Q: 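The structure that follows is given in the form of C-alpha cells.
Everything numeric in this text was worked out from a predicted model, so none of it was measured.
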Amino acid sequence: MNILVTGAAGFIGSHLTEKLLNDGNRVIGFDNLQTGSKDNQKNFINNENFSFVEHDITEPLPVEEKIDQIYHLACPAAPIHYQKDPIKTLTTAFIGTKNVLDLARRFGARILYTSTSEIYGTPLEHPQHENYWGNVNPIGLRSCYDEGKRAAEALCFAYNRQHLTDIRVVRIFNTYGPRLAQNDGRVMPNFINQALKGEPITLYGTGDQTRSFCYIDDNVRGLIAMMNQDNFLGPVNIGNPAEITMRALAENIIRLTNSKSQITYHPLPQDDPHRRKPDITLAKEKLNWEPNVSLEEGLIKTINYFKYASS
Ligand code: UDP
C-alpha cells in the first residue's frame, strides 16, 4: 500500500513508519522538524520504499501519487513544546488536520487521526472510557493542545458526516520508548537522564499524581490494528492501564539505573491532571488489542537507549 505518515520524524511517527516499511508498504513521510528529528529516521532513511517531505501541514500537502492510507500524527505533544507557541499549536491541530482531511478526501484514502488522552483534561471519571466527555480548562496553559485536539476530533467526525471521509480516531495515552526526545521536558526523558547522570530527580507536586505508560511497540501495533479494521470509526483509547504514581516511577528508574540520585520536589505545573488511566475494554473488544510489554521491561529498553544516546 501507499501510506502517508504526518509527523514521520517524531517519536511515534518514526517507529510507525519503520514498522509499515518492514511490512512491505511504501511510505511517504511528512514532518516540519519542529519537534521531530531526522536522527529518528536513521534505520530506514535509505529504504527505497521511503520518501520524506519536509513540510508544515498548516499549508496544503503537495502530494501527486495516489495514497491509500494516512496516519496523521503531526503535532507537538510535550507540554513545554506545545506551550511555547500556543497559536501555532492550535493552528497545527485544526488547520493542519483540515489539510490532511482534504488530502484524504481527494484520494478517497482512509485517515487515522491520533488524538490524545489530554482531551479528557483533569478527569472526573476514572479510568477514562471513550464515552467520557472530559473536564478541560478551555483557557488554561494546556488548552492550546487539549482544545486543539478536541476540535480536530470534531473536524474528523464532521468530514465523515458531511463528506463520508473514511476516518479512524485513536486517543493515545502516555507512550514511551527509544527515540523519545531527550530534551522535551516530559517525565520519562527527564527522570531517566537525571538518574543516569546522578543528578537530582525533579518530581513535580507531591508525586502522587498518576500516569499509565504504554511501550512504543504496543502503541504502534494498536494504531495499525485500528487502521485496518472495518467495524468502527472510534474514538478508541490506546494506552496501558497499568497506573503508577510519579513518585513510584522515579523510585523505579533510580533502582533500574542503580543511581545515587535523590528525589527533589518542585511546583506542580498548572492544570496537571491528577490521575490518568485508560479503560481499554473497547480496544480489546473491537481490535483484539492489549499491551503486552510491562513497565519494567519497557523501562529497561528505554534506559539502554538513553545510555547509548547520551554517550
Ligand atoms: N513530571 C515530573 N517531573 C518532571 C516532568 C514531569 O514530576 O521532570 C510529572 C508531571 O507533572 C506530570 C507527569 O510527570 O504529572 C507526566 O508529565 P509529562 O510532561 O511527561 O506528560 P503529561 O502526561 O503531563 O502530558
Side-chain angles (χ1 to χ4, degrees), residues 4-20 27-45 50 52-59 61 70-100 112-119 141-152 170-193 202 211 213-216 219-220 223 238-239 269 271-272 302 305-306 309-310:
L4 192 147
V5 176
T6 74
F11 161 52
I12 296 180
S14 67
H15 283 280
L16 173 67
T17 299
E18 193 170 353
K19 172 78 176 124
L20 294 171
V27 179
I28 307 177
F30 274 71
D31 205 300
N32 68 353
L33 303 179
Q34 184 188 345
T35 58
S37 159
K38 282 197 173 172
D39 279 354
N40 289 338
Q41 302 182 326
K42 270 194 286 214
N43 288 1
F44 54 85
I45 194 73
F50 177 65
F52 179 67
V53 186
E54 188 175 333
H55 177 87
D56 192 315
I57 56 158
T58 57
E59 299 295 331
L61 288 77
I70 301 174
Y71 289 87
H72 174 29
L73 286 81
C75 191
I80 58 162
H81 284 147
Y82 68 66
Q83 290 173 21
K84 206 183 297 170
D85 188 346
I87 300 174
K88 174 82 180 168
T89 300
L90 277 159
T91 311
T92 300
F94 192 75
I95 306 290
T97 299
K98 182 168 187 308
N99 285 331
V100 182
L112 179 143
Y113 176 59
T114 55
S115 183
T116 166
S117 55
E118 278 286 320
I119 70 104
L141 288 178
R142 295 173 89 107
S143 62
C144 56
Y145 185 66
D146 302 5
E147 297 291 13
K149 292 294 231 180
R150 287 171 70 98
V170 167
R171 292 179 180 154
I172 298 179
F173 282 64
N174 294 65
T175 304
Y176 71 106
R179 298 188 200 150
L180 259 182
Q182 301 263 347
N183 59 351
D184 76 5
R186 281 191 278 194
V187 70
M188 281 287 186
N190 275 10
F191 285 4
I192 294 174
N193 276 326
T202 55
R211 294 292 186 273
F213 294 96
C214 185
Y215 190 66
I216 182 66
N219 169 282
V220 165
L223 300 185
I238 294 292
D271 295 334
D272 196 287
T302 310
Y305 168 81
F306 273 77
S310 59

Q: Please tell me if the side chains of Cys75 and Tyr82 come closer than 4.5 Å, counting only heavy atoms from C-beta onward.
A: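 Heavy-atom side-chain distance check fails, nothing below 4.5 Å.
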Q: Identify the two heavy atoms, one from Phe44 and one from Ser14, that lie closest to each other, and give their separation to 0.1 Å.
A: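 Shortest heavy-atom separation between Phe44 and Ser14 comes out as CE2-O, 3.4 Å.
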Q: Measuring only between side-chain heavy atoms, which start at C-beta, is Thr302 closer than 4.5 Å to Ile192?
A: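 They are in side-chain contact.
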Q: Roughly how far, to the nearest 0.5 Å, is the CG atom of Asp56 from the CD atom of Glu54?
A: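 Between Glu54 CD and Asp56 CG, I get 10.0 Å after rounding to 0.5 Å.
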Q: Which residues satisfy the side chain to side chain contact (heavy atoms under 4.5 Å, CB included) test with Lys38, sequence neighbours excluded?
A: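 With neighbours one apart ignored, the set is Leu33, Gln41, Phe52.
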Q: With sequence neighbours left out, write down each residue that passes side chain to side chain contact (heavy atoms under 4.5 Å, CB included) with Ala93, or none if nothing qualifies.
A: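 Partners of Ala93 under the side chain to side chain contact (heavy atoms under 4.5 Å, CB included) test: none.
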Q: Of the non-hydrogen atoms in Gly29 and Phe50, which two are nearest, and what is the gap between them?
A: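 For Gly29 versus Phe50, the nearest heavy atoms are N-CE1, 3.9 Å.
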Q: With a 4.5 Å heavy-atom cut-off, do Cys214 and Asn174 have their side chains touching?
A: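 The answer is no; the side chains never approach within 4.5 Å.
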Q: Just verifying a value: how many Å separate Thr175 OG1 and Ile12 CD1, rounded to the nearest 0.5 Å?
A: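 It is 4.5 Å, given to the nearest 0.5 Å.
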Q: Restricting to ring pair (Phe, Tyr, Trp, His ring centres under 6.0 Å), what partner residues turn up for Phe213, sequence neighbours left out?
A: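 Testing Phe213 for ring pair (Phe, Tyr, Trp, His ring centres under 6.0 Å), a comparison that skips the adjacent residues, returns none.
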Q: Is any side-chain heavy atom of Pro79 closer than 4.5 Å to one of Tyr145?
A: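 The answer is no; the side chains never approach within 4.5 Å.
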Q: So which heavy atom on Gly177 is nearest to which on Ile216, and how close?
A: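 Residues Gly177 and Ile216, closest heavy atoms: CA-CG2, 4.1 Å.
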Q: With a sphere of 6.0 Å drawn around CD of Glu59, does it hold more than 12 non-hydrogen atoms of other residues, nucleotides or ligands?
A: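 Count not over threshold, so no.
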Q: List the residues meeting side chain to side chain contact (heavy atoms under 4.5 Å, CB included) with Glu147, not counting sequence neighbours, and say none if there are none.
A: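 Partners of Glu147 under the side chain to side chain contact (heavy atoms under 4.5 Å, CB included) test: Val136, Pro138, Ser143, Arg150.
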Q: Please tell me if the side chains of Leu223 and Ile172 come closer than 4.5 Å, counting only heavy atoms from C-beta onward.
A: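 Counting from C-beta outward, Leu223 and Ile172 do come under 4.5 Å.
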Q: Under the ring pair (Phe, Tyr, Trp, His ring centres under 6.0 Å) test, which residues partner Phe30, sequence neighbours left out?
A: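 In terms of ring pair (Phe, Tyr, Trp, His ring centres under 6.0 Å), with neighbours along the sequence ignored, Phe30 is linked to His55.
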Q: If we only count heavy atoms from C-beta on, is the Asn190 to Thr202 side-chain gap below 4.5 Å?
A: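 They are in contact (side-chain heavy atoms under 4.5 Å apart), so the answer is yes.
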Q: Partners of Asn183 by side chain to side chain donor-acceptor pair (under 3.5 Å), sequence neighbours excluded?
A: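 Testing Asn183 for side chain to side chain donor-acceptor pair (under 3.5 Å), a comparison that skips the adjacent residues, returns none.
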Q: Rounded at 0.5 Å granularity, tell me how far CG in Leu4 sits from OG1 in Thr17.
A: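 These two atoms lie 9.5 Å from each other.
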Q: How would you list all residue pairs meeting side chain to side chain donor-acceptor pair (under 3.5 Å) that involve residues 71-81, not counting sequence neighbours?
A: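 Sorted result for residues 71-81: Thr6-His72, His72-Thr97.
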Q: Measuring from Leu180:CG to Arg186:CZ, what's the distance to the nearest 0.5 Å?
A: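 Leu180 atom CG to Arg186 atom CZ measures 6.0 Å (nearest 0.5 Å).
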Q: CD1/Ile28 to CG/Leu61 distance, rounded to the nearest 0.5 angstrom?
A: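 Rounded to the nearest 0.5 Å, the CD1-CG separation comes to 10.0 Å.
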Q: In chain order, what residues pass the side chain to side chain donor-acceptor pair (under 3.5 Å) check against Asn43, with sequence neighbours excluded?
A: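 Per chain and number, Asn43 pairs via side chain to side chain donor-acceptor pair (under 3.5 Å) with Glu18.
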Q: Identify, with sequence neighbours excluded, every residue that meets ring pair (Phe, Tyr, Trp, His ring centres under 6.0 Å) alongside Tyr215.
A: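 So Tyr215 forms a ring pair (Phe, Tyr, Trp, His ring centres under 6.0 Å) with Tyr176.
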Q: Is any side-chain heavy atom of Arg171 closer than 4.5 Å to one of Ile119?
A: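 Touching, per the 4.5 Å side-chain cut-off.
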Q: Residues two or more places apart in sequence or in another chain: which of them pass ring pair (Phe, Tyr, Trp, His ring centres under 6.0 Å) with Phe94?
A: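 Residues passing ring pair (Phe, Tyr, Trp, His ring centres under 6.0 Å) with Phe94: none at all.
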Q: List for me each residue that meets side chain to side chain contact (heavy atoms under 4.5 Å, CB included) alongside Gln34, sequence neighbours excluded, and say none if there are none.
A: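 For Gln34, the residues satisfying side chain to side chain contact (heavy atoms under 4.5 Å, CB included) (neighbours in sequence not counted) are Asn32, Pro76, Lys88.
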Q: For Lys149, is there an ion pair with Glu118 - N to carboxylate O distance below 4.0 angstrom?
A: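 Salt bridge: no.
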Q: Starting at OG1 of Thr116, measure out to CD1 of Ile238 and round the result to the nearest 0.5 Å.
A: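 Reported value, rounded in 0.5 Å steps: 13.0 Å.
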Q: What residues, two or more places apart in sequence or in another chain, satisfy side chain to side chain donor-acceptor pair (under 3.5 Å) together with Asp271?
A: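 Asp271 satisfies side chain to side chain donor-acceptor pair (under 3.5 Å) with Asn137 once adjacent residues are dropped.
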Q: Quick one: closest heavy-atom pair of Ala74 and Gly7, and the distance?
A: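 It is CB-N, 3.6 Å.
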Q: Report yes if some heavy atom in the side chain of Gln182 is under 4.5 Å from a heavy atom in the side chain of Pro189; otherwise report no.
A: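 With C-beta onward as the side chain, the pair stays apart.
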